[in-house]
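Take a look at the structure set out below.
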Amino acid sequence: MDPIWINAAILPWITVAMIPIAIRDRKTGEYLGFINPNTVFYFFTLLILQLVFMTGKFGMGLEAIVRAVAISILPFPLAYTYVVYTHKQLFGEPFVRNKKKGD
């Protein structure tokens, strides 16, 4: 299967389904941030997948690495924008980006 079609299926799914749920606590709706085990796992999974795709198409080099990193980072700001505009009251709590410290 062509990597373009795989990306066309995986990237939107991760952007609108996986990351928005990973950055908020399911029970309280509290903002957890992007540095948590789930989002880090999603990033590295995407990075490895993109490196496989890009090295297969462009060979191992700087261009393949830059493209893989860029494509792996892209879903995160898009997911944040998606959450801000569509999940204002997800889990019964308004979306507030301020992360609680020490709780």
Item to check | Single-linkage hydrophobic cluster, 4.5 Å side-chain cutoff, Leu74 and Ile48 together | outcome: no
Side chains of Leu32 and Ile23, heavy atoms from C-beta outward: is any pair under 4.5 Å?
no
dist Leu78:CG -> Ile14:CD1 (nearest 0.5 Å) comes out at 12.5 Å
ask   = With a 4.5 Å limit on heavy-atom distance, are the side chains of Met54 and Val66 in contact?
value = no
Give a yes or no answer on whether the side chain of Asn36 reaches the backbone of Ala22 with a donor-acceptor pair at less than 3.5 Å.
yes
Quiz item: Just wondering, do Met18 and Thr39 contact through their side chains at under 4.5 Å, heavy atoms?
Solution: no
Scanning both residues in full, the closest heavy-atom pair of Ser72 with Ala68 reads OG-O, 2.7 Å
Side-chain contact, heavy-atom cut-off 4.5 Å: Leu46 with Ile10? yes
Residues 55-66 vs salt bridge (charged side-chain N to carboxylate O under 4.0 Å, His left out), sequence neighbours excluded, gives Glu63-Arg67
- Before giving the answer on side chain to side chain contact (heavy atoms under 4.5 Å, CB included), spell out for Gln50 and Asn7 the whole-Å C-alpha distance, their side-chain angles and the decisive distance to 0.1 Å. CA-CA 9 Å; Gln50 295 306 321; Asn7 278 339; 2.5 Å; yes
Within a strict 4.5 Å, meaning less than it, do heavy atoms of the Phe43 and Ile73 side chains meet? yes
The reported gap from OG1 in Thr55 to CD1 in Ile65 (rounded to nearest 0.5 angstrom) is 9.0 Å
Interatomic distance, OG1@Thr81 vs CZ@Phe76, rounded to 0.5 Å, equals 13.5 Å
Smallest heavy-atom separation, Pro20 atom then Val83 atom, equals CB-CG2, 3.3 Å
Minimal heavy-atom distance between Ala79 and Ile19, with the atoms involved, is CB-CG2, 3.5 Å
